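Scroll down for the structure; my scribbles are underneath it.
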Number of protein chains: 2
Amino acid sequence: MVNDSGQQAAGAAGPKRKDARRNQQILLDAAASVFVASGVEAPVRDIAARAGVGVGTIYRHFPTRADLIVAVYRHQVDACAEAGPALLASRESPYEALAQWIDRFVDFLVTKHGLAGALQSDNAGFDGLHAYFLDRLVPVCGQLLDAAADRGEIRPGFGGLELMRGVGNLCIGADSDPRYDARRMVALLIAGLRRT
Amino acid sequence: MVNDSGQQAAGAAGPKRKDARRNQQILLDAAASVFVASGVEAPVRDIAARAGVGVGTIYRHFPTRADLIVAVYRHQVDACAEAGPALLASRESPYEALAQWIDRFVDFLVTKHGLAGALQSDNAGFDGLHAYFLDRLVPVCGQLLDAAADRGEIRPGFGGLELMRGVGNLCIGADSDPRYDARRMVALLIAGLRRT
DNA sequence: AACGATACGGAACACTGTTCCGCTTATCAA
DNA sequence: TTGATAAGCGGAACAGTGTTCCGTATCGTT
């Protein structure tokens with residue numbers, strides 16, 4: 001139920017007709033461009049225009065804007081999720097692994113204009129986006145937190161969900177205001193996790 | 001330029017005509033009710049309906065939605081601002097004063113459905129809101145931070161603006177998701193401030 | 001009472017995301 | 001090759017925003 005739209009499990013072929021498959025790719029490319037230029041909240045019509053396609057075509061491939069955004073960033077989110085266990089395995093300290101993983105996540109968010117804002121769950125219409133990010137990343141974050149807590153490096157009792165949301169929230173508006181440095185605030189939050 | 005709309009410096013009389021003054025008060029009350037019931041992002045039309053007034057009347061008194069929100073919460077923001085120096089004077093530890101002041105601010109934000117979200121500066125149309133809150137609270141926060149830094153209770157080099165924005169961001173969506181406890185995340189952030 | 005300034009109501013505008021359906025076109029069987 | 005058919009497409013139309021505009025009603029004053 002999380003996301004069934006547009007793309008499919010690894011390697012599948014997509015829509016039957018050739019033109020449809022082509023358009024799906026065109027749409028992903030156009031959306032990526034427009035997101036870079038105007039942020040993820042860019043009007044659907046702009047994306048359609050950029051792709052040289054009608055808005056109806058977008059909605060056939062991606063039932064909602066959130067699905068399109070998920071499709072565009074899916075690979076990066078997956079890569080981030082996979083980096084978690086890898087970091088945990090390669091570092092001496094789970095806390096260090098956690099900190100680096102969060103860094104990576106923040107980098108991702110901050111470089112995508114407006115994405116952090118779109119992740120708010122109460123932001124009607126972006127439920128799917130919220131759901132995919134959380135489904136994918138919360139378990140990883142939880143694993144890192146648990147490992148660090150088991151070693152006694154951090155205070156116990158924090159869940160992946162709240163940390164992810166906290167970090168995500170801190171990244172909102174990180175672009176669009178040079179006086180606010182989200183990375184610094186996130187660093188503070190992570191520092192606060194340390195054992196007292 | 002920050003905010004000149006609707007209200008005026010302490011004690012002034014408001015619009016000339018009696019009905020206009022009356023409507024302004026009705027509007028403030030109606031807006032307050034609707035904000036409690038439906039959040040600060042409630043449609044302007046809803047507020048107009050609740051007040052028994054046309055939308056044009058709202059815009060005559062409050063040129064933009066942000067101005068209306070500012071007017072509704074002005075007193076509470078001011079009270080919060082004034083609590084800063086008071087706390088600083090009455091506590092032994094500036095850090096303690098800072099922590100309590102932040103608590104108070106968080107309480108305010110969290111109990112106002114959607115207000116934290118509306119505070120985002122990149123949220124087009126809410127510039128006035130953003131500006132008023134920041135103008136009023138950033139200096140107070142900065143003062144508390146400086147006092148704590150001078151005592152060596154926290155790491156130096158943090159400004160009021162970034163802390164206020166960080167705290168504000170952490171409060172986004174605090175209602176509407178019982179799994180996310182904004183107060184807890186803010187506490188983490190403040191804990192992270194402590195000297196290492 | 002009459003008049004001018006002020007304020008009101010709500011239709012209209014510009015902009016969203018999303019749905020719908022007549023038309024086009026790719027695909028495949030004959 | 002040629003229909004027939006289903007899949008896909010475009011963009012007008014719908015529903016919902018915030019905001020503007022202006023004819024009308026009301027207030028306060030002369």
Side-chain angles (χ1 to χ4, degrees), chain A residues 5-6 8 13-28 30-31 34-35 38-72 114 117-118 120 122-130, chain B residues 5-6 13-28 30-31 34-35 38-71 114 117-118 120 122-130:
Chain A
S5 54
Q8 49 297 311
K16 291 185 192 304
R17 271 168 58 162
K18 186 177 48 177
D19 57 344
R21 227 165 331 164
R22 206 176 57 91
N23 269 332
Q24 178 159 315
Q25 191 55 53
I26 288 175
L27 238 18
L28 284 173
V34 173
F35 289 166
S38 317
V40 294
E41 313 236 30
V44 177
R45 284 163 180 77
D46 289 0
I47 299 167
R50 170 66 172 249
V53 131
V55 291
T57 301
I58 291 192
Y59 280 93
R60 169 167 335 285
H61 290 286
F62 308 99
T64 182
R65 284 235 346 260
D67 293 309
L68 177 55
I69 299 176
V70 167
V72 168
Q120 294 164 142
D122 60 336
N123 204 330
F126 287 92
D127 291 343
L129 181 61
H130 190 254
Chain B
S5 54
K16 291 186 192 313
R17 268 168 58 164
K18 185 176 49 172
D19 57 344
R21 226 167 327 154
R22 207 176 59 90
N23 269 333
Q24 179 159 318
Q25 190 55 52
I26 288 177
L27 237 20
L28 283 173
V34 173
F35 289 167
S38 318
V40 294
E41 312 237 29
V44 177
R45 285 162 180 80
D46 289 0
I47 299 168
R50 170 66 170 249
V53 133
V55 291
T57 301
I58 292 193
Y59 280 94
R60 168 146 326 84
H61 288 284
F62 309 99
T64 182
R65 281 227 0 244
D67 294 309
L68 176 55
I69 299 175
V70 168
Q120 294 166 142
D122 60 335
N123 203 332
F126 286 92
D127 292 344
L129 181 61
H130 190 254

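Quick caveat, the model's predicted, so the values are computed rather than measured. Atoms considered below: every heavy atom in the structure, side chains included; atoms not considered: hydrogens, waters and symmetry mates. Here is the naming used below: chain letters follow the sequence lines, and residue numbers restart at 1 for every chain.
- When the side-chain nitrogen and oxygen atoms of A/Arg65 are compared with OP1 and OP2 of C/dG17, one or more of them lie within a distance under 4.0 Å.
- With C/dA7, D/dT19, C/dG17 as the candidates, the nucleotide lying closest to the side chain of B/Ala20 is C/dA7.
- Applying the 4.0 Å criterion to OP1 and OP2 of C/dC8, one finds that B/Arg60 has a side-chain N or O inside that range.
- Put simply, CG on A/Asp46 is 17 Å from P on C/dA14, counting in whole angstrom units.
- Note on A/Thr57: a side-chain N or O is less than 4.0 Å away from OP1 or OP2 of D/dG10.
- Between the side chain of A/Arg17 and the base of D/dA7 there is at least one donor-acceptor pair of N/O atoms closer than 3.5 Å.
- Nucleotide D/dG8 holds its C1' atom 13 Å from the CD1 atom of A/Ile26, rounded to whole Å.
- Using a distance-only test at 3.5 Å, with no hydrogens or angles considered, no donor-acceptor pair links the side chain of B/Gln25 to the main chain of B/Arg22.
- The residue A/Ala51 sits apart from the nucleic acid: no heavy atom pair falls under 4.0 Å.
- Taking the nucleotide of DNA chain C with the nearest heavy atom to each of A/Arg45 and B/Asp19, the more 5' of the two is matched to B/Asp19.
- Distances shown here put a side-chain N or O of B/His61 below 4.0 Å from the OP1 or OP2 atom of C/dC8.
- B/Ala49 comes within 4.0 angstrom of no nucleic acid atom, judged by non-hydrogen atoms across all strands.
- At whole-Å resolution of the value, CG in B/Leu27 and C1' in C/dC8 are 12 Å apart.
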Show your working on side-chain contact (heavy atoms from CB on, under 4.5 Å) between A/Phe35 and A/Glu41 and close with a plain yes or no. CA-CA 8 Å; A/Phe35 289 166; A/Glu41 313 236 30; over 6 Å; no
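- At a threshold of 4.5 Å between non-hydrogen side-chain atoms, the residues A/Leu27 and A/Gln24 do not count as touching.
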Go through the steps for A/Val70 and A/Phe62 under the test side-chain contact (heavy atoms from CB on, under 4.5 Å), then give the verdict. CA-CA 10 Å; A/Val70 167; A/Phe62 308 99; over 6 Å; no
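- Between the CD atom of B/Glu41 and the C1' atom of C/dT16 there is a distance of 14 Å, given to the nearest Å.
- Rounded to a whole Å, the NZ atom of B/Lys16 is 19 Å from the P atom of C/dG4.
- Just one of B/Val53, B/Val55, B/Ile58 meets the side chain to side chain contact (heavy atoms under 4.5 Å, CB included) condition when paired with B/Ile47; it is B/Ile58.
- Separating the NZ atom of A/Lys18 from the P atom of D/dG8 is a distance of 14 Å, rounded to the nearest angstrom.
- The distance from atom CZ of B/Arg22 to atom C1' of D/dT26 is 12 Å, rounded to the nearest whole Å.
- At C/dC8, one or more side-chain N or O atoms of B/Asn23 fall inside 4.0 Å of OP1 or OP2 (strictly under the cut-off).
- Contact between the side-chain N/O atoms of A/Tyr59 and the OP1/OP2 oxygens of C/dT19 is not found at any separation under 4.0 Å.
- One finds no side-chain N or O of A/Thr64 lying less than 4.0 angstrom from the OP1 or OP2 phosphate oxygen of C/dG17.
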